[in-house]
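Each residue takes its place number in the sequence, starting with 1.
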Amino acid sequence: MIGQALNRVDGTSKVTGRATYAYEQWEAGRPLYGFIVGATIGKGRITRIDTESAERAPGVHMVMTYLNAPAQGTRDESIPFEYWRAQPVLTGSDIHHYGEPVALVVATTLEQARAAADLVEVEYITGRGRFNFAEQEDEVYIPKVVNAGLPTDTSVGDFNAGFDSADVRIDQYYTTPYEFSMPMEPHACLVEPRDEDLVVYVSCQIVDAAQASVASTLGIDPARVHIVTPFVGGGFGSKLGIHSETILAALAARALRRPVKIAMTRQQIFQLVGMRPTSSQRVRLGAGRDGRLAAIAHDVTMHTNPDVEYAEQTAATTRSLYAAPHRLTSHRLAPLDLPRGTDVRAPGEAPGMLAVESAMDELAHALDMDPVELRIRNEPTVDPERDVPYSDRHLVDCLREGARRFGWEHRHAAPASMRDGRWLVGYGMSAAIRGHFQGPTAVRVRWEADGTAVVQTDMTDLGTGTYTVLTQVAADGLGLSADRVRIELGRSDFPSSWGSGGSWGATNSCTAVHRACLALREKVLVAAGGDTRSPLHGLDPADAVFSGGNVSIGGASEAVSEIVARSRPEGVEAEGVTRFMGDDPNYTDYSINTYGAHFAEVGVDADTAEIRLRRMLGVFSVGRVFNPKTTRSQLIGGMIWGVGAALEEEAVVDPRSGAFVNHDFAQYLVPVHADVPDVDAVILDGFDDKANPLGAKGVGEVGICGAGAAVANAVFNATGVRVRDFPITIEKVLPGLRPVA
């Protein structure tokens, strides 16, 4: 079953509307509705808040502010990961960023709650806020570590000496804007009080983190918090932790002893959820005339919230990518009174590779060398900073196969030299790398007396195909057809996992399922071998084959359902686990990553500078593939996001208030169907035995890594205009276009 292009087992439920998301749960009966009132200043203090008119409005049951909100726990910095910490709201009169919750209105209907929210009167003293990143770049500080616990800075050799002595040098700054995850399903929850317990139906990526965070915020036993999230409509990092709507709904539900439902509006998500930090990245490359890098440096400055530090590992992408004896990477933070930074799809690599792979294209142009050849010449034999071997590295294979399939040989090396009517045509490419991570995950598999298998874990499905790949691995491990396996996900009552995120979800949970199935098979064989009624009694279990719901040893065979019904009529079960990567020696002894190569063709209108993607190809090496259909879907989705990062996505801050002025899809642009005419992803066969027993690695994020740079490099090849301030827009390209006769 593993490796088959099985259709999504949950597909029918989704297209028929039977898959219930957080806001669609009705088990608790008719709920009350909450609406969040946000601050209209970016920094300051509340001096007066009047809720009387709102409280008298039709249908209103409660108006909660910092004056009447229950006491809550505080963030415990000793907890290593932010997503497991308390997330208190309405704790005081201070305003830390625009849109911060200042009140919650709870009413019988959503319309009543929203109307009453307009009646809450709030007066402020406005403080001096820091909203302009460019003005704060000189007031930076050095974080202790960056995201994922990686070192802030690294240094190998003598960068300055290596760079100064290089024949060809590139020294450029690249800037990336604030970006948002913006999943299709908004951040929403329904909280139902049941005696002293709370059932929290919430759209989240990590159930264990949600349970811990709600419990620590409310100051109750985590066992009294029951998280339910069987389906999640996308997350892309924004739902790794819970947000204010969940805590507010929980507080209101406990106070009113009624179910309370809250969903953020799309506009509120821009102010309340967090975003990819804006960054200024200096990339320096020093190479010989033969193209081999002597020195590489990647220095990043980005914004952070002064109260909740977040340092995206943007420069870390450079540490394992190319060989060079002299190396330098660094991260610096500029505190701004804006919402906190958070993980957005491929944190670190997505913005980092946009800069580094643009710089590599600049180096190729300066050397008059083919960009593919430049990258191949700088292929390392061991990880250049950790000095350990790679577990399974096929980047060069991706580059060569991609060039062949794309028709790279037809590229014109001279910029602005290829035309198709009024369109200037350009080719661009980039490499891709993404670290592979592993986190603690447990899965329980039970073989029922009727021969079916049930898989249980609190792992979530973001729409990526978790139900399907777990079905395949369980069916493969137990010798069953897919329709004999049932997957149950997204409940805190199930064995805990690290959920979905960081491209670790499928490999963590599938590895745990694989191990559970091995243990379950062993239990079945012990039961059969010790039972004189079984035709398998006394036979060597080492020769056992599980297939079609039967287990066979030599010429003897018996249905597993009969073995289970006799020995354990209530069903036999086993658990499988994966460990944290820090406890797995492979992650110390090897550099484990996924790889890819992107190729893009763009057209740029010679008169207006309008940019259109014409086609795009990605070739990827991700180890063993559980399901080529869902894997390709993930990779293509990432590539399209890369197109958006290169050409469209940009959140703009009002420097007077700290508000994001383009806070809806009318103005915060993302690619639509008309923007993406021809995108394809090719997956190389592989098996990385150092990653896990299944040989598989994460695919959710490598598709975006480097994708934007391929588009940016294609724009340069088409026009001769190099834009280093992303996204690339008409206004930035048009002044540099040369008149065409």
Original post:
Counting only heavy atoms not in R266, do more than 12 fall under 6.0 Å of its CZ?
Top reply: yes

Original post:
Can you tell me how far OG1 of T457 sits from CG of L470, rounded to the nearest 0.5 angstrom?
Top reply: 7.5 Å

Original post:
So do K697 and R624 actually touch side chain to side chain, heavy atoms under 4.5 Å?
Top reply: no

Subject >> By side chain to side chain contact (heavy atoms under 4.5 Å, CB included) - contacts of S503 (at least two apart) >> reply: R434, E701

**OP:** Just jot down the salt bridge (Lys or Arg N to Asp or Glu O under 4.0 Å) partners of E448, sequence neighbours excluded, or say none.
**Re:** R446

**OP:** Look at R515 together with E575 and state whether they make a salt bridge at an N to O cut-off of under 4.0 Å.
**Re:** no

Original post:
For the rings on F180 and F660, is their centre-to-centre separation under 6.0 Å?
Top reply: yes

Original post:
Is any side-chain heavy atom of M1 closer than 4.5 Å to a side-chain heavy atom of S481?
Top reply: no

**OP:** Go through the side-chain N and O atoms of N305 and H97 and say whether any donor and acceptor fall under 3.5 Å apart.
**Re:** no

Original post:
For the residue pair F620 and Y595, is the inter-centroid distance of their aromatic rings smaller than 6.0 Å?
Top reply: no

**OP:** Hey, could you give me each pair passing ring pair (Phe, Tyr, Trp, His ring centres under 6.0 Å) that has a residue in residues 453-476? Not counting sequence neighbours.
**Re:** F231-Y467

Subject >> Under the salt bridge (Lys or Arg N to Asp or Glu O under 4.0 Å) test, residues paired with R8 that sit two or more places apart >> reply: none

Subject >> Set of salt bridge (Lys or Arg N to Asp or Glu O under 4.0 Å) partners for D10, sequence neighbours left out >> reply: K14

Subject >> Any E312 side-chain heavy atom under 4.5 Å of P351 side chain >> reply: yes

**OP:** List in chain and number order the residues that pass salt bridge (Lys or Arg N to Asp or Glu O under 4.0 Å) with E192, two or more places apart in sequence or in another chain; answer none if no residue qualifies.
**Re:** R194

Original post:
Do F437 and W498 make the cut of ring centroids closer than 6.0 angstrom?
Top reply: no

**OP:** Given salt bridge (charged side-chain N to carboxylate O under 4.0 Å, His left out), test E111 with R114 step by step and report yes or no.
**Re:** CA-CA 5 Å; E111 293 78 9; R114 189 162 190 167; over 6 Å; no

Original post:
Do the non-hydrogen side-chain atoms of R276 and Y178 ever get within less than 4.5 Å of each other?
Top reply: no

